Structures are given as C-alpha cells and as structure tokens.
Undergrad: 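Attaching a single structure in structure tokens format; questions to follow.
As the structure is a prediction and not an experimental result, all values here were calculated from the model. Quick note on labels: first sequence line is chain A, next is B, and so on, each numbered from 1.
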Amino acid sequence: MENVEIARALNQVADLLELRNENPFKVRAYRNAARTVEGLSRRVAEMVEAGEDLEELPAIGKDMAAYITELVRTGRLKRLEELEQRVPQGLAELMHLEGVGPKKAMRLHEELGVSTVADLEKAIRAGEVETLRGFGRRSAARMLQAIRDYRRHGTRFKLSEADQLVQPILAHMRNAPGIEELEVAGSYRRRVETIGDVDLLAAARKPGPVIEHFAAYPGATRVESAGPTRATIVLHNGMHVDLRVVKPESWGAALHYFTGSKAHNIKVRWLGIQRGLKINEYGIFRETARDGGAARGTAARGKGGSTRGSAAARKSATARRSAAQRTAGRAAARKPATRHKAGPTLPRPRPHPGPVRLGGAREEDVFRAVGMDFVPPEMREDRGEVEAALRHELPRLVTLEDIRGDLQVHSTWSDGRDTIEAMVRAAKERGYEYIAITDHSPAVAVAGGLRPRDLARQWKEIDRVARKVKGIAVLKGMEVDILADGSLDLPDEWLERLDIVVVAVHSRMGMPQTKMTDRVIKGISHPGVHILAHPTGRIINRREPVRLDMDAVLEAAAELGVAVEINAQPDRLDVNDVHAMRARELGVLIAIDTDAHSVGDLRYMAYGVSQARRAWLEKRNVLNAMPLTRLEKWLAKRR
DNA sequence: GCCGTTTTCGGCCCGACTGTTTTCAGTCG
Ligand SMILES: Nc1nc2c(ncn2[C@H]2C[C@H](O)[C@@H](COP(=O)(O)OP(=O)(O)OP(=O)(O)O)O2)c(=O)[nH]1
Ligand SMILES: [Mg+2]
Ligand SMILES: [Mg+2]
Ligand SMILES: [Zn+2]
C-alpha cells in the first residue's frame with residue numbers, strides 16, 4: 001500500500017468523524033497523521049514490514065500506528081468501514097462543495113434526505129433547501145453556484161499556470177489607491193507544485209479602496225465575498241483569488257500568516273502561546289498581567305488587541321469560558337470602528353494598559369519572537385522546519401544563482417526546436433559554465449532519436465559550436481532510453497565515448513511495480529550512467545507516475561553513485577520534493593535539469609530549484625551547482 | 001488522538017465573512 005492511499009484512508013476517517021460531530025481535536029489528529037504519512041519520503045509499508053516503530057513519527061501515536069499497520073497488512077481499515085456503515089455514502093462528497101461543511105451536510109441529509117450532490121441540486125431547485133431553518137434563498141443560490149464550480153474544475157492549477165495568471169492581476173493591483181506593499185502568498189509563495197487558489201496580500205493605510213479596486217478587476221466573473229479586510233473573486237477559468245489587506249505595521253505578521261502553510265502557522269502560534277505570546281496576522285502581542293483573565297470575558301479591544309491572554313491566565317480561564325463568550329468576543333471585534341456599543345458588558349475606559357505589541361511589521365519579527373531562525377517560504381510545511389529553526393539548524397538552501405549549468409537539453413537533432421548553437425549561446429547568456437546536449441536515443445523514434453552514426457555527426461557539430469562559442473563547456477551527452485528489460489538503448493562502445501549519460505524510461509510505463517523497479521535499477525547499474533532522469537514519468541494533471549519503489553531506486557542510486565534528476569519542466573517536476581528530500585537523506589546527488597526543448601525552456605531552471613529548496617537541498621547536494629572541474633572529475637569517476 | 005524545558009492530564013491557532021440571526025453558528029482563510 002502506498003503512502004497516499006494510507007493518507008487517504010485516514011483523511012476519510014477524519015471526514016466521517018467530523019460528520020458525526022466528533023471532538024474536533026480528534027478529527028485533527030487523523031488529518032495530522034495523514035499529513036505525516038503523505039509527506040514522508042519513505043514508504044510506510046516498508047517501515048512496517050521492517051518492524052520499525054511508527055510511533056516515532058510525528059502525529060503518530062499508539063492508535064494511528066495500529067491503523068497504519070492494519071492498512072499495510074490487510075489493505076483494509078475496520079475503523080473506516082464501521083464509520084462508513086454509520087454515515088450515509090456521499091455525505092463526505094457534499095463537504096467538498098464550497099460553503100458546505102459537516103454540519104450543513106448532516107442537516108441536509110437528516111431533514112431532506114439529501115446524500116449526494118445530485119440530490120442537493122434537486123432539493124435546491126424544488127425550493128426545499130431554502131425553507132430549512134438557518135438556510136434561505138441566498139444560501140441556496142450559493143450552494144447551486146458551489147455545485148457548478150465543483151463540476152467544472154476539480155483539479156488544482158500548475159504552479160506555472162498560476163505564474164502566468166497572476167501577472168495581470170498584480171499589474172491591476174499595483175494601481176490600487178494607497179497600496180504600499182503587494183505580494184502573492186499562500187502555496188504560490190511556498191512554490192508548491194500545484195496551487196489551489198491565488199492568495200494576494202496587500203498593505204495600505206486604508207484597506208477599503210484597495211478591496212474595491214480588487215473587486216472591480218475586469219478578469220473576474222464574480223465576487224465571491226468582500227468585507228472590510230478581505231475579498232475573494234473568481235476568474236473566468238475558475239481560479240479563485242483571495243485578497244487580504246492589512247496596515248503596513250502588520251505587513252510581516254500578515255505575510256507570515258498568509259504564506260502558511262496552515263500546519264506551520266498552527267505550530268508557530270502554539271510556540272507563541274507557550275511563551276506567553278499571541279501571534280495573529282496583525283502582529284505579535286504580549287498581554288500584561290492585569291489584562292489577562294478578568295478582562296477576557298468582556299468583549300474585544302479590536303484587531304490584534306482582542307487577545308486571549310497569557311498562558312497562565314488562559315489555563316484558569318478557558319474552563320469557565322463558554323464557547324458563546326468566545327464568539328461574542330469575536331463578533332464584537334468584527335467591526336470595531338463602526339460598532340459603538342461594542343460588547344455586551346464592556347466597561348470602557350479601562351485603566352489597564354492592554355496588550356503590548358511586540359512587532360509584526362516584518363516577517364522576521366514572528367520568527368524572532370518564538371526563538372526561530374527565518375524559515376524560507378518553501379520549507380514552511382511543518383515537515384520539521386520549525387524544530388530545525390529552533391535549534392538554529394536550518395539548511396542553507398540552494399539558490400538559482402548557485403546553478404552553473406544544465407545537464408539535460410535537447411536540440412533540433414532530435415525533438416528540440418532550437419539548434420545546438422542557439423542552445424549553447426542561450427546557456428552562456430544565463431551565465432552557465434557548462435551545458436550538456438542530450439538528445440534522444442533511437443528507441444524514442446517519435447522524438448527523433450539519434451542512431452549511433454547520427455551521434456558521430458552530432459559530435460562534430462558540437463565541436464564546431466564549442467570552438468565558436470567561447471567561455472562555456474559543451475558536454476556530449478544523450479538521454480538514453482531504458483528499454484523494457486532494463487538494458488540501455490545504445491551500445492557500450494558509444495556510451496563510453498559520451499561525456500555524460502542521462503537515462504530514463506519512455507515506454508511501457510504501465511509495468512507492475514516490481515518489474516518497473518527492477519528495470520530502472522538495472523538501467524542505472526550500467527557503469528556508464530550518470531543521471532536518472534524524470535524517474536516517475538508523471539505529467540501533472542495528465543499522467544500518473546509509473547509504479548516504482550522509489551526507496552529501492554534511491555538506495556540503489558546511492559550505492560552506485562548515480563545522480564537523480566529533478567526535471568524542472570513545470571508539468572513534470574520529477575522527482576518531486578518529497579522524493580528529492582529522501583535522496584538527500586541517502587546522500588544521492590540531485591541534478592536539476594530543464595530538459596529544455598527550446599532556448600526559452602532554459603528558464604524552467606527556477607521551477608526545479610524551487611522544488612529542490614522544498615526538499616531542503618543545499619548547494620552541495622546539487623550536481624549542477626558544482627564548478628566545471630569538479631563536475632568533470634565526478635563524471636570521469638563514474639566510469 | 002497526540003503530546004510533554006509546564007504537564008502522563010489537559011491542553012490543542014486565531015480571525016474574517018455570510019446569512020439569518022436578535023446574538024451567532026458555520027465555514028473558511
Ligand atoms: N492560522 C491559520 N492560517 C490559515 C488557516 N487556513 C489557511 N491559513 C493561511 C495559511 C495558508 O497558506 C493561507 C492561504 O490559505 P489557502 O487555503 O489558500 O491555502 P494554501 O494557499 O496554503 O494552499 P492551496 O494551494 O490554496 O490549497 O492562509 C488556518 O486554519 N489557520
Ligand atoms: Mg491558496
Ligand atoms: Mg486562499
Ligand atoms: Zn525524457
């Protein structure tokens with residue numbers, strides 16, 4: 001069983017527990033466990049088989065370890081099956097609709113017999129939903145819209161698509177009245193390979209006009225919501241764009257909040273609580289002693305100030321503090337400027353000094369307040385970066401500037417669109433020290449694979465270009481196909497004469513896992529091989545990864561001294577961040593290659609570097625961050 | 001259900017927007 005399948009089962013349990021109105025912290029425990037499994041660089045199944053102690057993993061305790069073991073051993077989970085018996089099929093699906101959560105889903109089912117999205121649509125059209133207590137015409141209309149959205153666009157957007165799409169919005173927002181700062185936050189800033197929505201953050205003294213300007217964006221089909229500090233619009237292609245606006249003094253805290261990830265935020269805020277601090281998107285606050293327990297039941301003091309108090313005060317107060325009180329505080333905080341008779345029992349003027357603001361103008365303020373080093377956005381996934389930052393042991397992540405060359409590039413000799421000379425010149429312009437020309441081998445006939453005698457001619461051309469274009473080394477390479485039996489698609493005498501050999505699977509992608517794993521390991525075991533390219537073959541949103549025991553492949557690569565590629569094509573990003581992280585742990589070098597098929601594609605390097613950073617890679621982990629002389633030595637040593 | 005420079009019990013992030021409400025639950029970021 002794969003990690004994603006285990007994670008899916010645990011998430012399903014969480015959804016069903018939520019529908020059954022279980023303790024929200026228990027629900028979260030299942031989601032946290034799922035996240036751990038999904039972000040794990042190793043196969044949990046293998047860990048179980050090896051008898052390793054799963055309870056050492058974060059968010060995995062006695063129960064979760066047992067559930068995971070059961071899943072691995074039997075392929076089933078009794079806990080899940082029991083819940084499926086008790087909760088009607090389809091209700092979990094209803095929760096995927098925007099604006100429909102566990103409570104509404106359950107009520108729709110209990111009061112209208114709705115248990116599928118189709119049922120819900122019928123009920124809305126029949127006018128049944130709007131008659132429900134707490135529902136109405138508007139919410140029914142909203143649900144109808146949510147159903148349309150759900151059916152239209154299920155998948156997430158590629159990061160590169162988001163990059164395109166964001167440009168005109170940024171251009172529009174730069175003209176917003178009074179805007180002082182503007183940045184894309186969320187998963188986009190963390191450079192996640194796919195993006196659910198675009199999260200924009202702006203700073204302005206007066207947020208109102210900025211929100212209005214945003215809502216008037218010509219590319220929007222509708223405004224989903226708009227309040228005094230935030231708004232959501234929907235673009236023609238279905239992409240949602242969130243805007244949050246704060247005052248400049250809150251810029252850093254807001255950027256931290258809106259960059260996420262959610263799990264990272266929760267962990268950092270919890271560290272704050274343990275240090276007597278409250279961290280939110282407005283800043284970092286310390287509550288004075290007199291401001292704690294006594295004042296808390298009363299209504300809020302507006303944004304940021306509506307603090308819940310010191311850890312000690314919190315402890316004594318939370319017990320006697322009802323949920324109603326909590327929400328009352330929040331509701332009053334909603335419109336602090338416009339509500340004159342704020343909370344129910346607010347005794348103004350209060351003599352106490354109120355919470356002390358410790359910072360929040362800069363993002364570093366948040367980290368410093370809890371004793372952490374600054375964490376680069378790409379690492380903020382709660383995959384150990386918080387603990388590493390507390391120990392001051394964060395890696396020094398590789399940067400685009402560290403990259404000295406590109407080791408997988410195609411030309412017109414196979415399926416590339418630009419000549420060797422053009423590719424070399426473009427590489428030189430990027431400041432590279434070297435570039436490898438790696439056209440396809442014969443078996444990849446659809447991509448114009450080169451036969452050995454073509455290769456001989458190509459080398460003459462490479463020599464000619466190398467003489468003509470000074471200041472960059474041009475390596476003679478090939479992207480050699482790993483055939484179905486694991487042998488390489490080029491005779492040894494030719495392999496030996498290449499400067500660099502990149503190997504990859506391009507056919508028979510549907511093999512069962514053990515066969516595919518044997519095939520790839522046999523492929524890289526050939527002594528002439530330097531780099532394993534796009535190991536899973538996945539195309540994001542289009543083609544599933546091949547079934548491969550990545551752990552076994554990476555262990556073999558470590559033993560053989562073969563490098564593994566992060567293919568920087570934005571629809572590949574293969575290996576992904578999680579596997580690249582495992583490679584690093586095993587001491588496998590990573591080659592970040594653009595697999596460019598035109599000079600323009602060379603810029604994809606940035607996408608590869610982003611994924612490398614998400615994998616915690618440093619310069620020394622990256623093959624093509626080596627200077628030429630070291631690279632040449634490494635290439636020769638492999639022989 | 002997990003977890004422990006404060007704990008093996010009692011905590012678990014914190015705030016905005018909507019709709020329908022007359023005081024806030026639900027959902028989402
Ligand atoms: N503190 C806190 N912050 C949250 C919570 N939910 C979301 N955020 C923050 C962190 C997120 O990165 C950011 C944007 O929310 P999104 O739902 O758009 O998530 P994100 O962009 O990370 O992923 P996405 O690709 O959009 O699915 O808002 C939460 O429950 N608590
Ligand atoms: Mg987002
Ligand atoms: Mg968002
Ligand atoms: Zn290829």
Undergrad: Roughly how far, to the nearest 0.5 Å, is CZ of A/R205 from CD1 of A/I179?
TA: 14.0 Å
Undergrad: Would you jot down, in residue-number order, the residues of residues 86-102 of chain A having a non-hydrogen atom under 4.0 Å from DNA chain B?
TA: A/L97, A/E98, A/G99, A/V100, A/G101, A/P102
Undergrad: Would one find a side-chain N or O of A/Y282 under 4.0 angstrom from OP1 or OP2 of B/dA16?
TA: yes
Undergrad: When you check the phosphate oxygens OP1 and OP2 of B/dG15, does a side-chain N or O of A/K278 lie under 4.0 Å from one of them?
TA: yes
Undergrad: If you measure from the P atom in B/dG26 to the same atom in B/dT21, how many Å do you get, rounded?
TA: 14 Å
Undergrad: For a quick check of understanding: with a heavy-atom distance under 4.0 Å over all strands, which category does A/K267 fall into, base, sugar-phosphate or nothing?
TA: nothing
Undergrad: Give every residue pair that meets the ring-ring contact (aromatic ring centres under 6.0 Å, His included) criterion with at least one member in residues 105-126 of chain A, sequence neighbours excluded.
TA: none
Undergrad: Contacts to DNA chain B from residues 127-147 of chain A, heavy-atom cutoff under 4.0 Å, which residues?
TA: A/G134, A/F135, A/G136, A/R137, A/R138, A/S139, A/R142
Undergrad: Ignoring backbone atoms, establish whether A/T232 has a side-chain N or O less than 4.0 Å from OP1 or OP2 of B/dC17.
TA: no
Undergrad: Would you indicate what A/A226 reaches in the nucleic acid, counting non-hydrogen atoms under 4.0 angstrom: base, sugar-phosphate, or nothing?
TA: sugar-phosphate
Undergrad: Please, which pairs that meet side-chain hydrogen bond (donor to acceptor under 3.5 Å, both in side chains) have at least one residue in residues 53-75 of chain A, sequence neighbours excluded?
TA: A/Y67-A/R79
Undergrad: Write down the partner of B/dT8 under the Watson-Crick or G-U wobble criteria, each distance required to be under 3.5 Å.
TA: none
Undergrad: For B/dC13, take OP1 and OP2 only and decide whether either is under 4.0 Å from a side-chain N or O of A/N265.
TA: no
Undergrad: Verify the contact: side-chain N or O of A/R230 to OP1 or OP2 of B/dG15, cut-off strictly under 4.0 Å; return yes or no.
TA: no
Undergrad: Distance between the P atoms of B/dG29 and B/dT22, in whole angstroms?
TA: 28 Å
Undergrad: Under 4.0 Å, counting only non-hydrogen atoms across every strand here, what does A/N32 touch: a base, just sugar-phosphate, or nothing?
TA: nothing
Undergrad: Enumerate all atom pairs, one protein N or O and one N or O from nucleotides 3-5 of chain B, separated by less than 3.5 Å.
TA:
from: B/dC3; atom 1: OP1; to: A/A59; atom 2: N; distance (Å): 2.7

Undergrad: Taking donor-acceptor contacts at under 3.5 Å, does the side chain of A/D197 reach the base of B/dG29?
TA: no
Undergrad: Relative to the 5' end of DNA chain B, which residue comes earlier, A/R28 or A/A65, by the nucleotide with the nearest heavy atom?
TA: A/A65
Undergrad: Test of understanding: with ring-ring contact (aromatic ring centres under 6.0 Å, His included), list the residues that count as partners of A/F135, not counting sequence neighbours.
TA: none
Undergrad: May I have the distance from A/H264 (atom NE2) to B/dC13 (atom P), rounded to whole angstrom?
TA: 14 Å
Undergrad: Measure from the side chain of A/T229, starting at C-beta and using heavy atoms only, and say which of B/dC17, B/dG29, B/dC12 lies closest.
TA: B/dC17
Undergrad: Given B/dT18, B/dC13, B/dC2, which nucleotide is nearest the side-chain atoms of A/S225?
TA: B/dT18
